[in-house]
Chemist: 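Take this structure first; my questions come after.
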Amino acid sequence: MTTALATAPTVSLRPVPWTRLAWVTWRRYRFTLLVTVAVVAAISVDLIINGIHMRTAYSALVSCHPAAAASCRFAASGFNDKYGSIGFLSPIILLLPGALGAFAGAPLLARELETGTFRYAWTQGVGRMRWAAALIVPGAVGISMVLWVFGQVVTWHQHPLIEGGLRTRLDSEMFPVTGLAGAGWALLGFALAVFAGLLWRRVLPAVASAFAVWFGLAYLAHGLRRSSYRSPLTTTSLNMANHREFISQFWTRGGVRVSDSEIDRKLSALGADVSGSGVKIHASPGQTDPIQYLIQHGYQQVTSYQPDSRYWPFQWIEFGWLAALSVVLLGVTFWLLRRRAA
Amino acid sequence: MNIVETTGLGRRYGSTWALQDCTLALPAGRLIALIGPNGAGKSTLLNMIVGLTTPTVGEITVLDGRPAGSLAALDGIAFVAQDMPLYRNLSVGDMLHLTRNLNLSFDTVLARRRLTELGINEKQKAGKLSGGQQAQLALSLALARHPQLLVLDEPTAPLDPLARHDFMSSVMTAMADDGISVVLSSHLLAELERVADHLVLVSNGRIRVDGPVDDLIEEHRLVTCATAAASDHPGWEVIESSSTGTQTHRLVRLTSPTASIPSDCEARHVGIEELTLGYFRNGALAPLPALTGVSR
């Protein structure tokens, strides 16, 4: 109606200030924040207590001399058994960024649409876009920060294991929850859930589908990290130092990769009991070391790995694509929200 | 000044038109009643006025030319949606605070005073209030924004007669005190008889009638003739007719103020309810053009 617009009085209107919306944001996330912090704190306390014990045991282990003595080796094995794995907490920690992200993000739009309160919220003077920004942006930043802090706790907890060479920072159980990656995965869980909430218009399907997609991506990322962020390095050294993530081992001859079955045949001819994959030799009868035997016959064992020095570049790569994907998802959410008709 | 102006407005959901060919100019300072059966398109029109729904075709401006849904429009319109959506687990006080923080201006004193008068405790959860109290809370939150236009979608449908009466008096008081305009939808005709200034009848997604109540009352007659009498008459347009034995009753619109009634017929004025029912019975047969002639 151009004529009406032309004659309309100019309405200059300042938007509702963000300081007022701060209360709205706080009231909305009060409960979510309480639950999220409680869960993270409970797991953190457990990790910190465990970490303190681990440090005591570790310093005893380090001061054990001579290191090659049977008693010291026994102590090292005991340390590994006790602290090498955190048991049932391990999968919980891995899934935590996705679970908390989905929990915080799904109700944001889904509950409004499910209960009809969007008809209240989107008709207030603030306007729906500013309302959504006041909820989505702090939520995304908040959940990322909580999981970043949690990542610091995990890093601290795992430090003796890393230092002792029992685990690497690139380990698939550690990498995605520490450093920037933990924050990135939480952000993605949140963004997926907010987006799913707008599509589903119901909280439970939004949580479930967001978490399922998150889990699928986390699984894919595990493979990407191993071979695609950067090509693995290879070494022919048999004495692998620690602090690196093993990808695979295989044999070559004259620079050409040879099949496992060829190695198997070679070793069987030697009389070795070969079972499973070609490089796993469970028994070496006689005096001949099968590895040495193969090397003497012109074979070379190659190990591919990701070096520890790639931890931060990989963290940035992972955070980069997670953040980019989340921003795209949230951007599409805003776009749909603007267009969405009741 | 027009509080709502639409031109060729239409909204389609999938392949179904919820509203089409809607051209209206609703005057300010009135209580405009949007009447129609369920599914007629009333909520669709209201949602477009408050900016929740965007039109598929056509134009809509509110508050004298502001594009519907713009910040300037939202600032001047308060909406009480069907079934009064409130955050059920928020206390009344929190709802008050929330609404204050979501708007540029909010009259906390007025809202508190109204709630005190209604005996609603601020510590109570909004979800624990009775239906009547929830409606009054929603209305108090809306009125405390001092809107230029108050839009109410079936506000009294879930209420008992007493709560309904109280609610409507609150609306009327606010109109008298603040001079606000009200657009409300309803299918309860009786309660609108006393309060509506302007009628918009909607059915099957089309506007049937649009005009000031006084003009509509003035222009319509229920004419009773002997069945044998002529059905066509130059002075009127038949809206609906029915026969009982030897007599035919016709709801007619007089095409000019001086139109005469045939001498063998009797004519009387009708109320909103009769008028509305007449149009809706007819509406199923053929869409009528809106009576733009009676709009001012």
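In what follows, every chain begins at residue 1, and chains take the letters A, B, ... in the order their sequences are listed.
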Chemist: Checking an interface table here. Which of residues 136-154 of chain A come within a heavy-atom distance under 4.5 Å of chain B?
Modeler: none

Chemist: Looking at B:Met95, B:Met1, B:Arg88, B:Met48, which makes the most heavy-atom pairs under 4.5 Å with chain A?
Modeler: B:Met95

Chemist: Taking CZ in A:Phe215 as the centre, count heavy atoms belonging to other residues, nucleotides or ligands within less than 6.0 Å. Is the count above 12?
Modeler: no

Chemist: Does any part of the side chain of B:Leu104, heavy atoms only, come nearer than 4.5 Å to the side chain of A:Pro15, both counted from C-beta?
Modeler: no

Chemist: Mind ranking A:Met129, A:Arg130, A:Glu112 by heavy-atom pairs under 4.5 Å with chain B and telling me who comes out on top?
Modeler: A:Glu112

Chemist: Report the residues that fulfil side chain to side chain donor-acceptor pair (under 3.5 Å) with B:Asp21, sequence neighbours left out, ordered by chain and then residue number.
Modeler: B:Arg206

Chemist: Using the ring centroid of each side chain, check whether B:Phe79 and A:Tyr120 are separated by less than 6.0 Å.
Modeler: no

Chemist: Using a 4.5 angstrom heavy-atom cutoff, name the option from B:Leu98, B:Asn101, B:Asp153 with the most pairs to chain A.
Modeler: B:Asn101

Chemist: With a 4.5 angstrom heavy-atom cut-off, which part of B:Asp83 approaches chain A: side chain, backbone, both or neither?
Modeler: neither

Chemist: Sub-4.5 Å heavy-atom contacts with chain B: which residues of residues 18-29 of chain A show up?
Modeler: A:Arg20, A:Leu21, A:Trp23, A:Val24, A:Arg27

Chemist: Using modelled atom types and a 3.5 Å cut-off, is there a donor and acceptor pairing between side-chain atoms of A:Arg128 and backbone atoms of B:Leu52?
Modeler: yes

Chemist: Nearest 0.5 Å, what's the OG1-CG distance between A:Thr123 and B:Leu74?
Modeler: 7.5 Å

Chemist: May I ask you to check whether over 12 heavy atoms, not counting those of A:Trp316, lie within 6.0 Å of atom CH2?
Modeler: no

Chemist: Among residues two or more places apart or on two chains, list those pairs meeting salt bridge (charged side-chain N to carboxylate O under 4.0 Å, His left out) that have a residue in residues 34-54 of chain B.
Modeler: B:Lys42-B:Glu154

Chemist: Rounded at 0.5 Å granularity, tell me how far CG in B:Asp75 sits from CD in A:Gln124.
Modeler: 10.5 Å

Chemist: What part of B:Thr99 gets within 4.5 angstrom of chain A, counting heavy atoms only: side chain, backbone, both, or neither?
Modeler: both

Chemist: More than 12 non-hydrogen atoms from neighbouring residues, nucleotides or ligands closer than 6.0 Å to CG on A:Leu89, yes or no?
Modeler: yes

Chemist: Heavy-atom pairs under 4.5 Å with chain A: which of B:Ala142, B:Ser105, B:Gly8, B:Pro85 has the most?
Modeler: B:Pro85

Chemist: Which answer fits B:Arg145, side chain, backbone, both or neither, if we ask what part of it has an atom under 4.5 Å from a heavy atom of chain A?
Modeler: side chain

